[in-house]
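Heads up, the thing below is written out as structure tokens.
Reminder, nothing fancy here: chain letters follow the sequence lines and each chain counts from 1.
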Amino acid sequence: MEFREVEAKWQKYWDEHPELYRASIKKSKEKKYILNEFPYPSGSGLHIGHAFSLVGSDIYARFKRMQGYQVMFPMGWDAFGLPTENYAIKNKRKPQEVTAENTAVFKKQMKKLAFSIDWEREIDTTDPNYYRWTQWIFIKLFEKGLAYKKEMPINWCPSCKIGLANEEVVNGRCERCGHEAERRNISQWIVKITDYAERLLSGLEETDFENKVKLAQINWIGKSEGSRIKFKIEGRDEKVEIFTTRADTLPGASFLTVAPEHSLALEAAKKDQEVANYIKKAKNKSDLERTELNKEKTGVFSGFWAINPYNQQKIPVWVSDFVLVSYGTGAIMSVPAHDQRDHDFAVKFGLPIIPVIKKKGWNFDKEAYVSEERGKEIKIGKKCNQYHLRDWIFSRQHYWGEPIPMINCPKCGWVTVPEEELPLKLPEVEAYEPTVDGQSPLSKIESFVNCRCPKCGGPAKRETDTMPNWAGSDWYYLAYCLFEDINKPLSGKKNIFVKNQKILSEWMPVDVYIGGDEHNTLHLLYSRFIYQFLHDLGVMPADIREPYDKRVSHGVILGPDGFRMSKSRGNVVTPESVADKYGVDVLRLYLMFMGPFESVMAWNEKTLIGVKRFLDRFIIFVEKQKSNRESSETSLRLLNKSIKGVTQDLENFNFNTVVAKLMEAINKIDKLSREDLRKLIKLIAPLAPYTAEELWHKLGEKESIHGSGWPEYDQKMNDNEMVKIPVAVNGKVRDQLEVSKEESQIESKIVSRALELDKIKTWVKGKEIVKEIYVPGKMLNLVVR
RNA sequence: GCCGCUGUGGUGAAAUCGGUAUACACGCAAGACUUAAAAUCUUGUGCUCUCAACAAGCGUGUGGGUUCAAGUCCCGCCAGCGGCACCA
């Protein structure tokens, strides 16, 4: 039968039987919540990367389902975002309509690729019933003091006249027009994720993330332990506080350096034009300039003098942009003898270099001596930790995002939109372009902006910024659990999280979270933070402290030329084109056979042929074998071995070797009974669901194979098998011994039989056997002299 | 510069705990079927020496080390990929 007909037939059947893939908690069965990062539904449809990671996830979900677990494998759409907005602007269309079209295409393609998704749980971050709760979370953040408004520099494209998200700035340039991006101060909503830095670190211990993911998060949070030390400033009451990890080098602090934004620098600028000019210049520096000017240090003397608290010496205070406002206190003590940046600075401006840790023969004038070694402890200042993690800029001056549910009242200040008024719907607008001054298009809609203050009833204005992309994906793993209350909205004040504690504690945490390395820091950290925050609010089950248990990162598929697939390179391979040409099962098998699930691989259609041949042979094999009454003994053993290997490899996401083991089975097995044939088909079912279903029914089955059980490995079957024991002399294998399993356990027997082997005799002849090392069932090594 | 990952045949890659390196597949070569081609099937395929077989030697980026035994563990170096980058 042609693959097209087979696919159409079973896709229809599966659509008519949603119970097959429906996730439901039954007391008797253990649950598995298998989550793949939900896609952004772009206009170009599912790309090969989506297909790759989803095939792997689907195989695992199908495998676990057949093993008898209650599997939840849901899907949804992370549909807010710039590409849709840009497309809408360009084509004068509504983002809502574009999104609906795109998600329809994605869903259709996913169904074709046979993903065993529970479609009843489908969610969409742009659905007001969904983002009502995204907004509710923001309100709670605000109420708990974790969201605040602040002037922050953002990236600004002077050509497009819009604010750019960090993702939109590529090498310091605007992603759309290539113009150099500038910095501009705009008042923004900030979320205090830094309050959770320590929790985000310690929580990692409760997860089963692989080490590289944990390390990525640890590095991103970037904790350093040190102390804060206050320096008196001559002629001023206010002290300058610095942060250092090396308080022991305080005696060598020959000057202080403060950031251009530091209050002391601003103070100095009032009196000194040169300082004022420097600050102005530094402020206007774009990211591009900052990285380019990386090499040469710049700075200016502030005119202020500080007192080193260790020895009461007068040291100058300098202003330099290599000191960052956003880290520590925005001021440092400079120890040129033991820090290379301070050294560069000191050399350029002729400042003293005072060694604290002595090193024989070290030329301190030439280079700083930077070592792990510490000087004697100095107990000045107080111990504290610093983190690289920054607070999270939560505002976007764009249209296609969740409106931030805040109202600014001239009397009451910032007031939240009352919970019962949620969702605060995104109004339909005529134009989606950002305004000339960089504000969100919402700011032009007076009916949206002007409102009454919920507190005092006076006239007030709404926030017009929208939320970043990450907001909707911070809690979607909860939304899948609560889909009934999200897709059929609750009225009034009822809270989905509080109401559904039981459901949450049944499904959470996510058992396996499959996603890309590019999300190992931001998305994973943001969503862990939001979960922890909700946990602190008391709306999450008390004993579930982390949202994800295990994290599996999938690899990347490059184009046939070895480069990342892109339209401009013209090396794009779409899953659809491959499925049309060879069939879905061939595509699925090939994607998995390419290499390890985590690695980076180039597309190679030639290798795909091998997989196609295998699947054809598999079908022919079943046809030929199906009338057998019984299996041959060797075939039965081989099948049993395959069951063991395939089961183990599926468990560990080693899908490439699963395919290899199935190929091996087909190559070696010669005779199977109809009953045993069923087991073999089950082994391939998670990988090639269409073919397996078709063959299964050809054997006379009436129910779907995907609802059937997983074959069991028979431990005893291989017991009386013969085993081959390699015999080595001085570590080099010279011959092998074939013995029964029983015999292989007795060392003395193995040694004496090995010494009877002709080849071994010649190697041992005339020499003394110093040592015999026998690893039962594995190998024998004779050490001779 | 810092952090992480990777290095195995002509190619994609296998090798649970340190225990027969190169499974599985592509490609290539020879053969079968065919008027022919495609498809399919069979056999062979790390390197060196050899007409060939046997045997032997060498082989997992590189130099050392530990061990009866190292692709696997430890130390140094080289190359490639990804991320971060004046973080005090």
Identify each atom pair where a protein N or O and an N or O of nucleotides 37-41 of chain B are less than 3.5 Å apart, giving names and distance.
{"unit_1": "B/U40", "atom_1": "OP1", "unit_2": "A/R613", "atom_2": "NE", "d": "3.4"}

Closest-nucleotide mapping onto RNA chain B: is A/V611 or A/K759 further toward the 5' terminus? I mean the 5' end.
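Counting from the 5' end, the first nearest nucleotide belongs to A/V611.
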Starting at the 5' end of RNA chain B, which residue's closest nucleotide do you reach first, A/M601 or A/G222?
A/M601
Give a yes or no on whether a salt bridge exists between A/R551 and A/E37, defined as a side-chain N under 4.0 angstrom from a carboxylate O.
yes
Just N and O in the side chain of [X]: are any of them under 4.0 Å from OP1 or OP2 of [N]?
| X | N | value |
| --- | --- | --- |
| A/S320 | B/C86 | no |
| A/N667 | B/A25 | yes |
| A/W763 | B/A55 | no |

Within this structure, what is the [atom1]-to-[atom2] distance between [X] and [N], rounded to whole angstrom?
| X | N | atom1 | atom2 | answer |
| --- | --- | --- | --- | --- |
| A/M594 | B/G12 | CE | P | 12 Å |
| A/K641 | B/U16 | NZ | P | 14 Å |
| A/I221 | B/C3 | CD1 | P | 18 Å |
| A/K606 | B/C26 | NZ | P | 12 Å |
| A/F593 | B/G12 | CZ | P | 13 Å |
| A/L525 | B/G83 | CG | C1' | 15 Å |
| A/N656 | B/G12 | CG | C1' | 10 Å |
| A/L389 | B/C3 | CG | P | 20 Å |

Using the 3.5 Å cut-off, write out each protein N or O paired with an N or O of nucleotides 66-73 of chain B and the distance between them.
{"unit_1": "B/C68", "atom_1": "OP1", "unit_2": "A/K771", "atom_2": "NZ", "d": "3.4"}
{"unit_1": "B/C68", "atom_1": "O2'", "unit_2": "A/N781", "atom_2": "ND2", "d": "3.2"}
{"unit_1": "B/C68", "atom_1": "O2", "unit_2": "A/N781", "atom_2": "ND2", "d": "2.6"}

Taking a pair as Watson-Crick or G-U wobble with both distances under 3.5 Å, which nucleotide is matched to [N]?
| N | result |
| --- | --- |
| B/G59 | none |
| B/C86 | none |
| B/U20 | none |
| B/U66 | none |
| B/A15 | none |
| B/U45 | B/G27 |
| B/U35 | none |
| B/G80 | B/C5 |

Work out how far the [atom1] atom of [N] is from that of [M], and round it to whole angstrom.
| N | M | atom1 | answer |
| --- | --- | --- | --- |
| B/G65 | B/U60 | P | 16 Å |
| B/U20 | B/G71 | P | 10 Å |
| B/U22 | B/G27 | C1' | 16 Å |
| B/C3 | B/A56 | C1' | 47 Å |
| B/C49 | B/G10 | P | 15 Å |
| B/U50 | B/G63 | C1' | 33 Å |
| B/A55 | B/C75 | P | 40 Å |
| B/G61 | B/U11 | P | 13 Å |

What closest approach, in Å, do A/A247 and A/I229 show between heavy atoms, and which atom pair accounts for it?
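So the minimum-distance heavy-atom pair works out to CB-CD1, 4.2 Å.
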Heavy-atom distance under 4.5 Å between the side chains of [X] and [Y], does that happen here?
| X | Y | result |
| --- | --- | --- |
| A/S302 | A/V258 | no |
| A/T329 | A/E241 | yes |
| A/N654 | A/P596 | no |

Categorize [X] for me: base, sugar-phosphate, or nothing, with a 4.0 angstrom heavy-atom threshold over every strand shown.
| X | answer |
| --- | --- |
| A/S224 | sugar-phosphate |
| A/Q386 | nothing |
| A/Q736 | base |
| A/Y387 | nothing |

Just checking [X]: does its [atom1] atom have more than 12 heavy atoms from other residues, nucleotides or ligands closer to it than 6.0 angstrom?
| X | atom1 | answer |
| --- | --- | --- |
| A/K741 | NZ | yes |
| A/Y310 | OH | no |
| A/E605 | CD | yes |
| A/K223 | NZ | yes |
| A/K671 | NZ | yes |
| A/R564 | CZ | no |
| A/K761 | NZ | yes |

Residue [X], side-chain atoms from C-beta onward, closest of [options]:
| X | options | value |
| --- | --- | --- |
| A/K732 | B/U20, B/A13, B/C58 | B/C58 |
| A/R734 | B/C26, B/G57, B/A15 | B/G57 |
| A/P596 | B/C84, B/A14, B/A88 | B/A14 |
| A/M779 | B/G19, B/C86, B/A15 | B/G19 |
| A/E664 | B/A88, B/A14, B/C24 | B/C24 |
| A/T607 | B/C84, B/A25, B/G19 | B/A25 |
| A/M663 | B/A25, B/A15, B/G27 | B/A25 |

Syn if the chi torsion is within 90° of 0, anti otherwise; quick check, which is B/C68?
anti
Answer syn or anti for B/G9, where the cut-off is 90° from 0 on the glycosidic torsion.
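Base orientation: syn.
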Is the Lys NZ or Arg CZ of A/K214 less than 6.0 Å from the centre of A/F209's six-membered ring, within 45° of the axis?
no
Nearest 0.5 Å, what's the CG-NZ distance between A/N781 and A/K732?
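One finds 11.0 Å between CG of A/N781 and NZ of A/K732.
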Distance-only donor-acceptor test (3.5 Å): side chain A/K661, base B/C24
no
